[in-house]
Asker: 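I'd like to ask some things about the structure below.
FYI, the numbering just counts along the sequence from 1.
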Amino acid sequence: MAGDERAKASSTGSSGLVRPPRTRLDQPKAPRRRLLPEYDPEAFGRFSERIARFLGTGRFIVWMTLIIILWVLWNIFAPKDLRFDQYPFIFLTLMLSLQASYAAPLILLAQNRQDDRDRVTHEQDRKQNERSIADTEYLTREIAALRMGLGEVATRDWIRSELQDMVKDMEERQVLFPAESDEGDR
């Protein structure tokens with residue numbers, strides 16, 4: 001009985017409140033119940049982009065104009081008992097306001113997604129440009145090193161000019177010293 005009282009006292013603490021059972025760290029938590037339904041943000045984003053794309057077309061403007069014209073004509077010329085929105089067309093105003101109140105956030109969501117894609121594309125372009133600049137600088141250094149190396153190598157034109165200079169020197173020596181060349185022939 002004393003053990004039961006100690007266990008009860010340790011679980012209630014000094015204030016007499018019951019502590020919740022300790023959770024085990026080696027096991028995953030049980031999923032919580034959520035009040036709001038879960039949704040896939042990507043799917044919702046794609047849906048909002050499709051709507052925003054449609055709202056930005058001439059087809060939408062034509063359809064919306066036709067619906068409003070038919071609405072107004074019906075509620076002016078239809079028999080009184082079939083009319084559903086009298087002259088100030090308050091219900092039409094409500095419908096247009098509702099459409100606008102949903103269209104604006106969907107358009108903003110689509111623009112935010114496009115901004116995110118543009119930001120990623122811009123970052124990828126910037127990284128590609130940095131790599132291109134680094135590659136260009138590397139190739140520039142390599143070409144400069146090759147030019148410096150070629151400056152020390154005898155080229156065909158340089159050898160040809162040196163040989164022509166030597167032939168001219170030999171011809172000049174023959175003209176100046178013809179006897180030496182004759183003595184060598186005997």
Asker: Just wondering, more than 12 heavy atoms not from Phe89 lying within 6.0 Å of its CZ?
Answerer: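 Buried by this count: over 12 neighbours within 6.0 Å.
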Asker: Any chance you could measure Arg131, atom CZ, to Ile133, atom CD1, to the nearest 0.5 Å?
Answerer: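 Output value for this atom pair is 11.5 Å.
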Asker: What distance separates Glu130 CD from Gln128 CD, expressed to the nearest 0.5 Å?
Answerer: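 So the gap between those two atoms works out to 10.0 Å.
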Asker: When the side chains of residues 136-143 are checked against the rest of the protein, which donor-acceptor pairs come out under 3.5 Å, sequence neighbours left out?
Answerer:
from	atom 1	to	atom 2	distance (Å)
Thr136	OG1	Ser132	O	2.7
Thr140	OG1	Thr136	O	2.7

Asker: Given Ile90 and Leu94, is the side chain to side chain contact (heavy atoms under 4.5 Å, CB included) satisfied, shown in steps?
Answerer: CA-CA 6 Å; Ile90 294 171; Leu94 176 67; 5.6 Å; no
Asker: To the nearest 0.5 Å, what is the distance between CE (Met166) and CG (Leu163)?
Answerer: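 One finds 6.5 Å between CE of Met166 and CG of Leu163.
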Asker: Would the number of heavy atoms belonging to other residues, nucleotides or ligands and lying under 6.0 Å from CZ of Phe44 be above 12?
Answerer: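 Result for CZ/Phe44: open.
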Asker: Side chains of Asn75 and Phe91, heavy atoms from C-beta outward: is any pair under 4.5 Å?
Answerer: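 In short, these two side chains do not touch, never coming nearer than 4.5 Å.
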Asker: Take Glu49 and Arg46, measure what salt bridge (charged side-chain N to carboxylate O under 4.0 Å, His left out) needs, and give me the verdict at the end.
Answerer: CA-CA 5 Å; Glu49 285 176 343; Arg46 287 190 300 272; over 6 Å; no
Asker: What is the distance from atom CG of Asp115 to atom NE2 of His122, rounded to the nearest 0.5 Å?
Answerer: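 Answer rounded to 0.5 Å: 12.5 Å.
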Asker: Within a 6.0 Å radius of atom CZ on Arg117, are there more than 12 heavy atoms belonging to other residues, nucleotides or ligands?
Answerer: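 Atom CZ in Arg117 is crowded, with more than 12 foreign heavy atoms closer than 6.0 Å.
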Asker: Counting only heavy atoms not in Arg126, do more than 12 sit closer than 6.0 Å to its CZ atom?
Answerer: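 Counting neighbours around CZ of Arg126, more than 12 heavy atoms of other residues, nucleotides or ligands fall under 6.0 Å, so yes.
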Asker: Using the rule that two of Ile, Leu, Val, Met, Phe, Trp, Tyr join whenever any of their side-chain heavy atoms come within less than 4.5 Å, decide whether Phe47 and Leu108 are in one cluster.
Answerer: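 No, Phe47 does not connect to Leu108 through the hydrophobic network.
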Asker: According to a 4.5 Å side-chain heavy-atom criterion applied to Ile, Leu, Val, Met, Phe, Trp and Tyr, with indirect links allowed, do Trp63 and Trp71 form part of one hydrophobic cluster?
Answerer: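 Different hydrophobic clusters.
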Asker: Using the salt bridge (Lys or Arg N to Asp or Glu O under 4.0 Å) rule, collect all pairs that involve residues 74-93, keeping only residues at least two apart or in two chains.
Answerer: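 Sorted result for residues 74-93: empty, none.
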Asker: Tell me, please, which residues at least two apart from Glu171 pass salt bridge (Lys or Arg N to Asp or Glu O under 4.0 Å).
Answerer: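 So Glu171 forms no salt bridge (Lys or Arg N to Asp or Glu O under 4.0 Å) with any residue.
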Asker: Is there a side-chain contact between Ile68 and Leu96 (heavy atoms, below 4.5 Å)?
Answerer: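 Counting from C-beta outward, Ile68 and Leu96 do come under 4.5 Å.
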Asker: Among Ile, Leu, Val, Met, Phe, Trp and Tyr joined by side-chain contacts under 4.5 Å, find the other residues sharing a cluster with Leu36 and list them by chain and number.
Answerer: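 None; Leu36 is a cluster of one.
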Asker: Just checking Met170: does its CE atom have more than 12 heavy atoms from other residues, nucleotides or ligands closer to it than 6.0 angstrom?
Answerer: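 Counting neighbours around CE of Met170, 12 or fewer heavy atoms of other residues, nucleotides or ligands fall under 6.0 Å, so no.
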Asker: Is it the case that over 12 heavy atoms from other parts of the model lie below 6.0 angstrom from the OH atom of Tyr87?
Answerer: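 No.
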Asker: Please test Ile51 against Tyr102 for side chain to side chain contact (heavy atoms under 4.5 Å, CB included), starting from the C-alpha separation and ending with a verdict.
Answerer: CA-CA 10 Å; Ile51 289 175; Tyr102 276 97; over 6 Å; no
Asker: With Arg119, which residues qualify under salt bridge (Lys or Arg N to Asp or Glu O under 4.0 Å), at least two apart?
Answerer: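 Checked Arg119 against salt bridge (Lys or Arg N to Asp or Glu O under 4.0 Å); matches are Asp116.
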Asker: Establish whether Leu70 and Leu82 are linked, either directly or via other cluster members, by ILVMFWY side-chain heavy-atom contacts under 4.5 Å.
Answerer: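 No.
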Asker: Let me confirm one number: the CD1-CD distance from Ile67 to Gln99, rounded to the nearest 0.5 Å.
Answerer: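 Here the interatomic distance stands at 9.5 Å.
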Asker: Hydrophobic side-chain clustering at under 4.5 Å (ILVMFWY, transitive links): who's grouped with Leu66? Put none if nobody.
Answerer: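 Members alongside Leu66: Val62.
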Asker: Begin with the C-alpha distance, continue with both residues' side-chain angles, and end with the deciding distance and a verdict on side chain to side chain contact (heavy atoms under 4.5 Å, CB included) for Leu55 and Leu106.
Answerer: CA-CA 10 Å; Leu55 291 177; Leu106 290 174; 5.8 Å; no
Asker: Using distance alone, with no hydrogens and no angle criterion, decide if Gln114 and Asp118 have a side-chain donor and acceptor under 3.5 Å apart.
Answerer: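 Yes.
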